[in-house]
Amino acid sequence: MEMSGSFDEFARLVTDIENRGFIKSTRKGPTGIGKLFEDLLGKEEDNAADPDFGDIEIKVHDGGAGSMITLFTKAPTSPRQANTYLRENYGAADPESGLKSLHATVTATRRTNSNVYDYDFQIFVDEERQRVVQLVFDKSGNMIDDSVYWSFDVLATQMERKLKNLALVHAEKEVRQDGTYYRYTGVDYIEDINIDMLIPALIDGAVKVDNRIGSYKSGPNFGKTHDHGTGFRITQSDLLHYGNVTNKVIEL
């Protein structure tokens, strides 16, 4: 049967899933919780930039209010190949391979302070120039690089495409001898997620930017940048605070 992708259809399917109780995960590891839910919805796995169900993006979690949720991933707007630039200039070298990587969670409210790197990082929201800038500091606190940024327009387009409406699905986890089971217990529905929500959350430090830039250590791409996606992340409680939570809450 062809699906309409409407909220009412989504709510019906979620209610049916909840009524099944605990269901065995079809995949090991942390991605199993989302993959099982998508399987139960009848969604085929893909890496498309479009929402998961109609115009609804789905985020499934089994953590508490402080658990982190990735809103989206997006490489910087400028300069070209910005993540390679960051890795090569400010990353830390692996003691064995000598290849550099950069894994740092960056906020607007404080600089990083890691012994792993020779530099510290901080986000600056430049409202005048409509940019979210990743600043780089030396260990004396001097800002030495502000060339890497995301434009507001690019972030707004990404959110409009992927995050216009978001269903935050809550679940319980139960580990048994034969595997991991999940029971889906409710949904908070957040409408009209947009740049006007993102910017205040970035300024307040509620949205964190995860740099996850590695290097291929073997194969034909040896030494080249292995970009795992720069993630814009927020806790469940902060998402519900900054987002427009509607009365479309599916109580199960």
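No hydrogens, no waters, no symmetry mates; every other heavy atom, side chains included, goes into these values. This one's a predicted model, so the numbers in the text were calculated from it and none came from an experiment.
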- [ ] May I have the step-by-step check of salt bridge (charged side-chain N to carboxylate O under 4.0 Å, His left out) for Lys139 and Asp120, ending in yes or no?
- [x] CA-CA 7 Å; Lys139 285 300 184 180; Asp120 295 322; 2.7 Å; yes

Open item on the list: Rounded at 0.5 Å granularity, tell me how far OG1 in Thr235 sits from NZ in Lys208.
Closed with: 7.0 Å

Open item on the list: Could you measure the distance from the CG atom of Leu41 to the CG atom of Leu13? Nearest 0.5 Å is fine.
Closed with: 6.0 Å

- [ ] Look at the side chain of Ser114 and the backbone N and O of Val116, then say whether any donor-acceptor pair between them is shorter than 3.5 Å.
- [x] yes

- [ ] Work out which heavy atom in Leu202 is nearest to a heavy atom in Val125; give both atom names and the distance.
- [x] CB-CG2, 3.9 Å

Open item on the list: Can you confirm whether the side chains of Asn211 and Tyr90 place a donor and an acceptor under 3.5 Å from each other?
Closed with: no

Task: Same cluster (ILVMFWY, side-chain, under 4.5 Å), Leu135 and Val207 - done: no

Open item on the list: I'd like to know if the side chain of Lys100 and the backbone of Asn89 have a donor-acceptor N/O pair within less than 3.5 Å.
Closed with: no

Open item on the list: Is it the case that the side chain of Thr112 and the backbone of Val106 share a donor-acceptor pair, with hydrogens and angles ignored and the cut-off at 3.5 Å?
Closed with: no

- [ ] Give a yes or no on whether Arg80 atom CZ has more than 12 heavy-atom contacts from other residues, nucleotides or ligands under 6.0 Å away.
- [x] no

Open item on the list: To the closest 0.5 Å, what do you measure between CG (Leu198) and CD (Gln158)?
Closed with: 11.0 Å

Task: Heavy-atom donor-acceptor pair, Thr109 side chain to Gly205 backbone, under 3.5 Å - done: no

Task: Heavy-atom side-chain proximity of His61 to Leu168 below 4.5 angstrom - done: yes

- [ ] Applying side chain to side chain contact (heavy atoms under 4.5 Å, CB included), run through Tyr182 and Val60 and close with a yes or a no.
- [x] CA-CA 11 Å; Tyr182 294 104; Val60 188; over 6 Å; no

TODO: For the pair Arg212 (side chain) and Gly229 (backbone), establish whether a donor and an acceptor sit closer than 3.5 Å, ignoring hydrogens and angles.
DONE: yes

Open item on the list: Looking at every heavy atom in both Ala167 and Ile56, which two are closest together, and how far apart are they?
Closed with: CB-CG2, 3.8 Å

TODO: Would you sort out whether Asp16 and Arg20 count as a salt bridge (charged side-chain N to carboxylate O under 4.0 Å, His left out), showing the intermediate values?
DONE: CA-CA 7 Å; Asp16 290 343; Arg20 295 178 60 177; over 6 Å; no

TODO: Say whether, by atom type as modelled, one donor and one acceptor occur between the side chain of Asp204 and the main chain of Ala206 under 3.5 angstrom.
DONE: no

- [ ] Would you check if the side chain of Gln122 reaches a backbone N or O of Ala108 as a donor-acceptor pair within less than 3.5 Å?
- [x] yes

- [ ] Walk me through it: do Ser147 and Asp145 pass the test side-chain hydrogen bond (donor to acceptor under 3.5 Å, both in side chains)?
- [x] CA-CA 6 Å; Ser147 64; Asp145 196 338; 2.7 Å; yes

Open item on the list: Taking Asp178's backbone N and O only, do any of them form a donor-acceptor pair with Lys24's side chain (distance below 3.5 Å, no angle check)?
Closed with: yes

TODO: Would you indicate whether the side-chain heavy atoms of Val169 and Val14 approach each other to under 4.5 Å?
DONE: no

- [ ] Establish whether Val209 and Ile199 are linked, either directly or via other cluster members, by ILVMFWY side-chain heavy-atom contacts under 4.5 Å.
- [x] yes

Open item on the list: Show the nearest heavy-atom pair for residues Ala82 and Pro76, with the distance to one decimal.
Closed with: CB-CB, 3.7 Å

Open item on the list: For a 4.5 angstrom cut-off between non-hydrogen side-chain atoms, does Thr107 reach Ile123?
Closed with: no

Open item on the list: Hydrophobic cluster membership, with links at side-chain heavy-atom distances under 4.5 Å among I/L/V/M/F/W/Y: are Phe232 and Ile203 in one?
Closed with: yes

- [ ] Using distance alone, with no hydrogens and no angle criterion, decide if Asp126 and Tyr149 have a side-chain donor and acceptor under 3.5 Å apart.
- [x] no

Task: Side-chain heavy-atom pair Ile234, Met197 within 4.5 angstrom cut-off - done: yes

TODO: Show the numbers, then the answer: is there a side chain to side chain contact (heavy atoms under 4.5 Å, CB included) between Lys217 and Leu99?
DONE: CA-CA 8 Å; Lys217 294 181 171 56; Leu99 299 174; 4.1 Å; yes

Task: Pairwise distance CD1(Ile58) to CZ(Phe37) - rounded to 0.5 angstrom - done: 5.5 Å

Task: Donor + acceptor pair across side chains of Ser6, Asp8 (<3.5 Å) - done: no

TODO: For residues Lys164 and Met159, determine if any side-chain heavy atom of one lies less than 4.5 Å from a side-chain heavy atom of the other.
DONE: no

Open item on the list: Could you tell me if Asn83 and Thr230 have a donor-acceptor pair between their side chains, going purely by distance under 3.5 Å?
Closed with: yes

- [ ] Could you give me the CA-CA distance, side-chain angles and deciding distance for His170 and Gln236, then say whether side chain to side chain contact (heavy atoms under 4.5 Å, CB included) is met?
- [x] CA-CA 10 Å; His170 311 290; Gln236 172 197 328; 3.7 Å; yes

Open item on the list: Ignoring hydrogens, what is the shortest heavy-atom contact between Arg87 and Ser215? Give both atom names and the distance.
Closed with: NH1-OG, 2.9 Å

Open item on the list: Please identify which of these residues, Asp238, Thr73, Thr70, meets the side-chain hydrogen bond (donor to acceptor under 3.5 Å, both in side chains) condition with Arg233.
Closed with: Thr70

- [ ] Might you point out which heavy atoms bring Pro200 and Ile195 nearest each other, and give the distance in Å?
- [x] CD-O, 4.4 Å

Task: Donor-acceptor contact below 3.5 Å, side chain Trp150 vs main chain Arg131 - done: no

- [ ] Using the six-membered ring wherever Trp is involved, compare the ring planes of Tyr117 and Phe121 and label them parallel, tilted or perpendicular (cut-offs 30° and 60°).
- [x] perpendicular

Task: Contact summary for Lys173 and Phe22, nearest pair of heavy atoms - done: C-CE2, 4.3 Å

TODO: Any chance you could measure Phe137, atom CZ, to Tyr119, atom OH, to the nearest 0.5 Å?
DONE: 14.0 Å

- [ ] Say whether Val133 and Val148 are linked into one hydrophobic cluster, either directly or through other cluster members, by side-chain heavy-atom distances under 4.5 angstrom.
- [x] no

TODO: Just do the side-chain hydrogen bond (donor to acceptor under 3.5 Å, both in side chains) check on Thr105 and Asp210 with the steps written out, would you?
DONE: CA-CA 4 Å; Thr105 298; Asp210 270 0; 2.5 Å; yes

Open item on the list: Quick check on Asn19: does its CG atom have over 12 non-hydrogen neighbours (other residues, nucleotides or ligands) under 6.0 Å away?
Closed with: yes

Open item on the list: As an exercise, state the distance from CG of Asn165 to CG of Asp52, rounded to the nearest 0.5 Å.
Closed with: 12.0 Å

Task: Same cluster (ILVMFWY, side-chain, under 4.5 Å), Val154 and Leu86 - done: no

Open item on the list: Is the shortest side-chain heavy-atom distance between Phe53 and Glu9 below 4.5 Å?
Closed with: yes

TODO: Any chance you could lay out the side chain to side chain contact (heavy atoms under 4.5 Å, CB included) test for Ile33 and Tyr184, step after step, and finish with the verdict?
DONE: CA-CA 9 Å; Ile33 186 173; Tyr184 301 96; 4.3 Å; yes

Open item on the list: Could you check whether any side-chain N or O of Glu88 sits under 3.5 Å from a backbone N or O of Tyr85, counting only pairs where one atom can act as donor and the other as acceptor?
Closed with: no

